[in-house]
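Report on the following structure.
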There are 4 protein chains.
Amino acid sequence: MVVSKKRKHERKTQIITAAACVFSKNGFSNTVMADIALEAGIGKGTIYEYFKSKEDLFFAVFEWFSLKIEKTASMDVSKLSGTASERLMVLNDSLMSSWFETKDMFTLVMEFWSASSSSSLRERFKNAFHNLYKEYRYFVSSLLQYGIDHNEFRSDIKIESVAAALVGTWDAIFLQAWFDESFDPITTSKDFLEVLLKGLANHE
Amino acid sequence: MVVSKKRKHERKTQIITAAACVFSKNGFSNTVMADIALEAGIGKGTIYEYFKSKEDLFFAVFEWFSLKIEKTASMDVSKLSGTASERLMVLNDSLMSSWFETKDMFTLVMEFWSASSSSSLRERFKNAFHNLYKEYRYFVSSLLQYGIDHNEFRSDIKIESVAAALVGTWDAIFLQAWFDESFDPITTSKDFLEVLLKGLANHE
Amino acid sequence: MVVSKKRKHERKTQIITAAACVFSKNGFSNTVMADIALEAGIGKGTIYEYFKSKEDLFFAVFEWFSLKIEKTASMDVSKLSGTASERLMVLNDSLMSSWFETKDMFTLVMEFWSASSSSSLRERFKNAFHNLYKEYRYFVSSLLQYGIDHNEFRSDIKIESVAAALVGTWDAIFLQAWFDESFDPITTSKDFLEVLLKGLANHE
Amino acid sequence: MVVSKKRKHERKTQIITAAACVFSKNGFSNTVMADIALEAGIGKGTIYEYFKSKEDLFFAVFEWFSLKIEKTASMDVSKLSGTASERLMVLNDSLMSSWFETKDMFTLVMEFWSASSSSSLRERFKNAFHNLYKEYRYFVSSLLQYGIDHNEFRSDIKIESVAAALVGTWDAIFLQAWFDESFDPITTSKDFLEVLLKGLANHE
DNA sequence: CATGAATGAGGCTTCATTCAT
DNA sequence: GATGAATGAAGCCTCATTCAT
């Protein structure tokens, strides 16, 4: 029974992976369940043994994707040490490279955004994104606070705002990289962070 | 004849406006042509007198929207004066408030992003966005250069990178505002810009 | 008023000619009223001032076409003289060349056949064709009778059958010419008629 | 698996038969896919599991029909024996009666002709007909050659022309029978062939 | 468990026809 | 008379979902 459970979980992941691939290639609406089944190497009907509907599967892909990103990011972050600036730099590099690996999956993110604006999953997606961003902002906020506490950053900065904007910048840099092949997100983000850190620095 | 031309143009705009409304509410795929016709108060077939297909209409909405945003922004920007910092501040405020006005249309932007990742319009959208971002980045770059030229900003900043990131930040702030009702994009952007300007400042 | 009537008739012919052209190119169903109007150089709505419907126009084209064929054929036939065999030969040549001229309009004939098998005009077309064939058969029958009366043809031939078959052969030869560019209807029909005439000949 | 293949083939035939019925009744353009599904006793969508489009199905009907005619004819023809004249007579009877059986399907032939003149299937149909006629002409040519070789027919006849015309005559006789209920294709063709054979006969 | 044949609701699009100008 | 903008009925086709095997 435990084995069966495991089997089931594996099969589920197999479908999700296949779905992620097809969704990212064609978008949600242009994706056909048959294609997902084909990609997963299973029968069309089998998908419905594991997911109630196309939308359900899509949301499962979203959850799988968030987790994946988070895991990659947090893995590196655990190694954070040094000054707040150094930590931010490492975080920046970590995010950039981790997203870079899943670059071809960035279209998925856009699909998720789109799904949260229309689609009947709107609320589920909106909430999930809301929480995701909150988490990221909270994490960056902590780093900023750490900098203030250690007299590294000025104490008059608006932590929340800077955190929110910074988190957003990372997203947006990827967005532009998506639209422009020649755009280099790693350099851009590094250069930008340097300036920002100067602005944060405490010159008593 | 001139009258007829004008009529045609008016009718076209009428359809685009209606389409924008419905697309932003339901997304591209979930939008039904009949709904657009209903919203525009015309017959279904009439749309096809003005647009070759649903996708064509969607792209027309995109163009109309871009133009609209641009117009609103450029209007304020023309009044720019003062130091580079002041100008950036004004630009920030202008963008924030202009986008704020079309806040309920922000979902459209997400749809456009999504369309540029899947859909058969992929290339058209990608190109258009590419150019749009290029333009914005170029404009911000000019302001930064202006600051450097006037010894207001440090000369060692990477103009391109900062411009790109800043433009992105504005997008991203709106994205977060979309996911979080309580998120205040105006304050956030202002606070953030303040820090950034400190980072740019030249303290010889 | 008389002038007006004439105008009306001219306009009607203009439309019919244009319609014949478009129908023969695209077939009835694939023809769009707008194309006919374009070909005729008039407005779409104008057609309806002269013809009640698309089907009506189509039937008018049929009548115009029949008349045209008939006129061309009968013109030459009036010059018939000599033996019955000679007359049949002349008729054969006349038909072949007259149809040859309207070769690119042969597709129209196929459309007419098709229309008489389906379409709501079925009965009208069937009747018209019925009469057309009857007429042709009757004319050929007369020639055959003439040959018998002059002891040129055997008296035991079944006039009706031979006439019907011969009339059909002419049609069918054009049909094959339509399907096969390299098929030469003139030679074929001549060769064939020669054999047939030998079969008809009276060798007391 | 073999069973499944068989099932699929049966279902395909079932659809083709139903389609043939509806197409012959209403013509290609006036036929609605839903009617075919109804006639076949299946769902609308099922047709598309077996045929890519309406046009594809139509062509499949054509192929099915050609084969059917050919099969019926060739069955009788295999029994050919006796003089060339006798063989031609038998062939004539065989064709007449076999087509007679499918008389109510003759409208299909007209639709096929029409389809080869317009419609996007033009080329496919034209080619198919071209080959079909070629085959028939070739077969009749062989019979004529046989007659010449056995001194039964005159050696100066133009085999190709006579064969082409004769094949066409059979078609055309059916055409007239279609337009005229009182027209008897069997008698007509017999009477006509008798005359023709006299013309072919060798009276050294 | 897995499958894939069957389905029918639903969407995009076409186009003959009308009618106000 | 002539026009062409407007229309909505109707048709082809797609595809998520089901269910018998």
Side-chain angles (χ1 to χ4, degrees), chain A residues 4 7-8 11 28-38 40-58, chain B residues 1 3-4 7-8 11-12 15 29-38 40-57, chain C residues 4 7-8 11 28-38 40-58, chain D residues 1 3-4 7-8 11-12 15 29-38 40-57:
Chain A
S4 159
R7 271 268 161 72
K8 209 147 190 187
R11 189 48 78 89
F28 177 76
S29 284
N30 294 318
T31 288
V32 173
M33 290 302 264
D35 282 351
I36 295 175
L38 200 74
I42 58 173
K44 228 186 319 169
T46 310
I47 298 176
Y48 288 86
E49 298 282 329
Y50 297 87
F51 301 95
K52 228 178 65 235
S53 69
K54 189 186 178 186
E55 300 210 318
D56 246 54
L57 173 55
F58 188 54
Chain B
M1 217 175 303
V3 172
S4 162
R7 272 269 160 73
K8 270 215 142 155
R11 187 47 76 94
K12 221 169 167 174
I15 295 173
S29 285
N30 294 318
T31 289
V32 173
M33 291 305 264
D35 284 348
I36 295 175
L38 202 73
I42 59 175
K44 228 184 320 163
T46 308
I47 299 176
Y48 288 87
E49 295 282 323
Y50 297 86
F51 301 94
K52 233 178 58 235
S53 67
K54 189 186 178 185
E55 298 209 323
D56 243 54
L57 173 56
Chain C
S4 158
R7 270 269 164 73
K8 210 149 189 184
R11 189 49 81 90
F28 177 76
S29 284
N30 294 318
T31 288
V32 173
M33 290 303 266
D35 282 350
I36 295 176
L38 199 75
I42 59 173
K44 229 184 322 168
T46 311
I47 298 178
Y48 288 86
E49 298 283 329
Y50 297 87
F51 301 94
K52 226 178 67 234
S53 68
K54 189 186 179 186
E55 299 211 319
D56 246 53
L57 173 55
F58 188 55
Chain D
M1 218 177 300
V3 172
S4 161
R7 272 268 160 72
K8 270 215 141 151
R11 187 47 75 90
K12 221 170 166 172
I15 295 173
S29 284
N30 294 317
T31 289
V32 173
M33 290 304 265
D35 284 348
I36 295 175
L38 202 72
I42 58 175
K44 227 186 319 166
T46 308
I47 298 176
Y48 289 88
E49 295 281 323
Y50 297 86
F51 301 95
K52 233 177 56 234
S53 67
K54 189 186 178 187
E55 299 210 322
D56 243 55
L57 173 55

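So you know, we letter chains A, B, ... as the sequences are listed, proteins then strands, and number each from 1. It should be emphasised that the depicted structure is a prediction, and the values quoted were computed from it without experimental measurement. The basis for the numbers below is simple: all heavy atoms, side chains too, and nothing from hydrogens, waters or symmetry mates.
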Nearest whole Å is fine: how far is [N] [atom2] from [X] [atom1]?
X	N	atom1	atom2	result
L57(C)	dC15(E)	CG	P	16 Å
F51(B)	dC12(E)	CZ	P	15 Å
D35(A)	dG4(E)	CG	C1'	15 Å
I47(C)	dT18(E)	CD1	P	13 Å
I36(A)	dG4(E)	CD1	P	16 Å
Y50(B)	dG4(F)	OH	C1'	10 Å
L38(C)	dG4(F)	CG	P	10 Å

N/O (side chain, R11(A)) to phosphate O (OP1/OP2, dC1(E)) under 4.0 Å: no

Taking protein heavy atoms under 4.0 Å as touching, what does nucleotides 12-17 of chain F look like 5' to 3' if B marks base contact, S marks sugar-phosphate-only contact and - marks none? SBBSSB

Among residues at least two apart in sequence or on other chains, which ones pass side chain to side chain donor-acceptor pair (under 3.5 Å) with T31(B)? none

Write down the atom of K44(B), the atom of A34(B), and the distance for their closest heavy-atom approach. CG-CA, 4.0 Å

Hey, does R11(B) have a side-chain heavy atom less than 4.5 Å from the side chain of I42(B)? yes

Straight-line distance of [X] [atom1] to [Y] [atom2], nearest 0.5 Å:
X	Y	atom1	atom2	value
K12(D)	I47(D)	NZ	CD1	13.5 Å
I36(B)	I15(B)	CD1	CD1	9.0 Å
L38(C)	M33(C)	CG	CE	13.5 Å
N30(D)	D35(D)	CG	CG	10.5 Å

Write out the stems for DNA chain F, ordered by first number and formatted as range with range, counting runs of at least 3 consecutive Watson-Crick or G-U wobble pairs under 3.5 Å. E:2-21 with F:2-21

Can you run down the side chain to side chain donor-acceptor pair (under 3.5 Å) pairs that involve residues 46-55 of chain C, sequence neighbours left out, and say none if there aren't any? E55(C)-S120(C)

